[in-house]
Amino acid sequence: GSELPTIKEYVDNVIETNGESELFGVAKDKNVIFISAESLQTFVINNTVNGQEVTPFLNRLIEDEDTYYFENFYHQTEQGKTSDSEFLTENSLYPLPRGAVFYTHAQNDYYALPEMLGNEGYHTTVFHANNDSFYNRDQMYPSLGFDHFYDVDAYEVNDYNSVGWGLKDKPFFEQSMKYLTTLTEPYYAKFITLTNHFPFELDEMDKSIERYDSNSNTLNNYFPTVRYMDESIEEFFQMLKDSGIYDKSIIIIMGDHYGISSNHNKAMSMYLEKDEITPYDHVQLQRVPLFIHIPGHGKGEARSTISGQIDLKPTILSLLGIEHKDDIYFGNDLFVDDRKDYIALRNGDVITNDYIYTNDSCYDFTSGEVLEEADTCFELSETVKKELEYSDSIIYGDLFRFFDSR
Ligand code: GP9
Ligand code: MN
């Protein structure tokens with residue numbers, strides 16, 4: 001545990017914010033409904049395919065005065081994909097550079113969001129129609145402090161209501177309602193969708209829009225399954241309203257990671273009407289949508305804050321009015337002004353308001369031009385290396401064992 005004080009000092013000096021959050025306590029004692037939207041990327045938001053909107057519901061949600069939408073929000077996952085995004089969200093720690101921390105370090109001590117919310121009287125639960133051992137979730141969720149996991153056994157799955165990886169998102173949300181309506185309030189309930197998963201299979205009857213037409217079937221199929229997920233979330237909102245849950249809750253929707261890898265850059269450049277996908281464009285394609293919807297709030301807006309999955313834990317705690325000064329974490333409340341002004345991707349890439357560091361080069365954030373004079377950009381990439389190493393040390397050394405959460 002000898003490294004812990006050094007890391008804590010770094011967190012106090014570099015990460016910890018001072019100013020009051022604009023939204024501290026705004027959702028005190030409310031339920032938190034978190035939707036992890038499989039493979040949802042920002043490039044489809046407010047975009048069209050064959051002249052049709054891809055995500056009409058989510059686009060309308062951005063305009064809703066109860067919604068904060070973050071357009072410069074990045075996934076920070078590596079090989080652990082969905083599980084990495086869960087790890088980031090619950091801990092505000094980085095996932096590991098290789099493998100999935102859900103598999104390799106499930107027995108560690110953590111001081112994760114579900115545990116902290118549990119201490120505040122919240123019931124914490126996950127809904128996901130896959131086997132509980134997938135990604136070792138049956139081991140990891142208790143370590144994170146989740147009270148219960150409604151896995152595939154909680155659902156009725158048959159040939160008619162499943163496709164690709166399993167239960168389709170619409171029946172998934174529908175069947176989840178009977179459990180959700182009986183949970184003790186307040187609760188933190190995480191829903192992990194599945195239909196919009198590579199290779200993006202969808203039954204004809206579930207297709208509301210046509211495929212794209214390019215040399216990549218992956219990209220072509222992506223659009224109709226994204227639309228299906230958009231519709232499933234719309235139906236879920238309606239069910240929340242009909243059951244009276246909506247007014248007692250905040251709803252967060254987050255893309256877990258990219259769905260279209262760089263193997264499909266040729267088709268992607270055609271869709272985006274670009275000559276090529278540059279390293280800069282590649283980083284910008286790592287943006288995933290984040291919606292924070294607070295029913296009755298009335299002050300929501302779209303924001304360009306440079307942000308990432310590492311920021312969710314401090315943000316959710318702050319919305320609920322929970323202090324966590326002694327905690328060790330690497331993100332910031334999204335609603336505080338003096339946030340650290342960069343986001344690190346797991347591979348060491350860095351994004352700020354002014355530039356993007358990737359591929360040993362610095363690019364102008366807005367124009368995507370390579371910057372020749374960029375000392376601060378290169379210096380920051382060194383800070384970020386250290387920050388990633390600190391986070392890794394916590395996991396490799398199981399350092400939360402020595403952490404007194406008071
Ligand atoms: C599996 C689901 C998908 O349960 O979360 O995982 P992914 O392949 O996206 O990491
Ligand atoms: Mn995923």
Side-chain angles (χ1 to χ4, degrees), residues 34-44 55 73-91 94-106 114 125-142 144 146 148-155 157 161-173 175-176 189-202 218-219 221-222 225-226 228-230 232-233 252-264 285-290 308-310 312 345-347:
F34 188 98
I35 303 171
S36 173
E38 179 57 48
S39 302
L40 181 62
Q41 290 182 241
T42 299
F43 81 87
V44 294
T55 57
F73 181 86
Y74 295 79
H75 88 81
Q76 297 163 291
T77 68
E78 254 309 323
Q79 292 168 339
K81 307 290 290 295
T82 308
S83 70
D84 278 359
S85 85
E86 293 188 66
F87 187 80
L88 277 149
T89 306
E90 309 299 0
N91 294 294
Y94 295 97
L96 293 176
R98 281 167 302 279
V101 55
F102 265 43
Y103 277 121
T104 58
H105 295 81
T125 177
V126 181
F127 295 84
H128 180 51
N130 201 349
N131 298 320
D132 67 353
S133 60
F134 199 92
Y135 275 134
N136 209 22
R137 284 177 172 120
D138 55 343
Q139 303 296 312
M140 189 55 149
Y141 283 166
L144 298 177
F146 276 113
H148 194 72
F149 177 17
Y150 293 92
D151 78 337
V152 69
D153 293 336
Y155 296 88
V157 187
N161 69 10
S162 58
V163 70
W165 277 58
L167 185 64
K168 300 177 191 179
D169 292 343
K170 287 182 186 179
F172 164 65
F173 284 123
Q175 292 186 34
S176 298
K190 172 159 77 175
F191 293 81
I192 305 174
T193 71
L194 200 52
T195 307
N196 188 47
H197 192 289
F198 179 85
F200 309 110
E201 284 175 58
L202 196 65
T218 300
L219 182 63
N221 291 341
Y222 182 65
T225 55
V226 169
Y228 175 82
M229 179 167 59
D230 179 80
S232 77
I233 296 173
I252 300 174
I253 306 168
M254 183 192 84
D256 65 348
H257 50 74
Y258 66 83
I260 308 299
S261 75
S262 53
N263 295 337
H264 308 276
L285 281 168
Q286 305 315 306
R287 284 180 292 191
V288 295
L290 175 70
Q309 292 168 329
I310 200 100
L312 259 306
L345 303 190
R346 180 58 253 198
N347 64 3

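Numbers for residues simply follow the sequence, beginning at 1. Only this structure's heavy atoms are used, side chains among them; waters, hydrogens and symmetry mates stay out. Computed from a predicted model, the values in this text were never measured in an experiment. Whatever order the structure lists them in is the order used to number ligands and atoms, beginning at 1.
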Practice task
Identify which of E86, H197, H257 has a heavy atom lying nearest to atom 8 (O) of ligand 1.
Solution key: H197
Please list the nearest protein heavy atom to [atom] with its residue and the distance rounded to 0.1 Å.
atom	result
atom 2 (C) of ligand 1	H128 NE2, 3.7 Å
atom 5 (O) of ligand 1	R137 NH2, 2.9 Å
atom 10 (O) of ligand 1	Y135 OH, 2.4 Å
atom 3 (C) of ligand 1	T82 OG1, 3.3 Å

Exercise for the section: Determine, stepwise, if the pair F146 / H148 fulfils ring pair (Phe, Tyr, Trp, His ring centres under 6.0 Å). Expected result: CA-CA 6 Å; F146 276 113; H148 194 72; over 10 Å; no
Please list, in number order, the atoms of ligand 1 under 4.0 Å from a heavy atom of [X].
X	answer
K81	7 (P), 10 (O)
F134	1 (C), 4 (O)
N130	1 (C), 4 (O)
E38	3 (C), 9 (O)

Practice task
Report yes or no: does S36 have an N/O/S atom closer than 2.8 Å to the Mn ion (ligand 2)?
Solution key: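 Of the N, O and S atoms in S36, none lies under 2.8 Å from the Mn ion (ligand 2), which means no.
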Practice task
Could you please compute the angle at the Mn ion (ligand 2) from OD2 of D256 to NE2 of H257, rounded to 10°?
Solution key: 90°
Exercise for the section: Examine the side chains of Y103 and S83 and answer whether a donor and an acceptor come within less than 3.5 Å of each other. Expected result: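 No - no donor-acceptor pair under 3.5 Å links their side chains.
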Exercise for the section: Go through the steps to decide whether H75 and Q286 satisfy the test side chain to side chain donor-acceptor pair (under 3.5 Å), and finish with yes or no. Expected result: CA-CA 6 Å; H75 88 81; Q286 305 315 306; 2.7 Å; yes
Practice task
Examine distances only and state if a side-chain atom of D84 and a backbone atom of E78 form a donor-acceptor pair shorter than 3.5 Å.
Solution key: yes
Exercise for the section: Supply the atom-to-atom distance L144 CG to N91 CG, rounded to the nearest 0.5 angstrom. Expected result: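 The distance works out to 5.5 Å.
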Handout entry: Side chains of T193 and I35 in contact at under 4.5 Å (non-hydrogen atoms)
Key = yes
Practice task
Verify the ring-centre separation between F198 and W165: is it less than 6.0 angstrom?
Solution key: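 Centroid distance W165-F198: not below 6.0 Å, so no.
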Practice task
Give a yes or no on this: more than 12 heavy atoms of other residues, nucleotides or ligands lie within 6.0 Å of atom OH of Y258.
Solution key: no
Practice task
Tell me, please: is W165 in heavy-atom contact with ligand 1, that is, under 4.0 Å?
Solution key: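 Checking ligand 1 against W165, which is what was asked, there is a heavy-atom contact under 4.0 Å.
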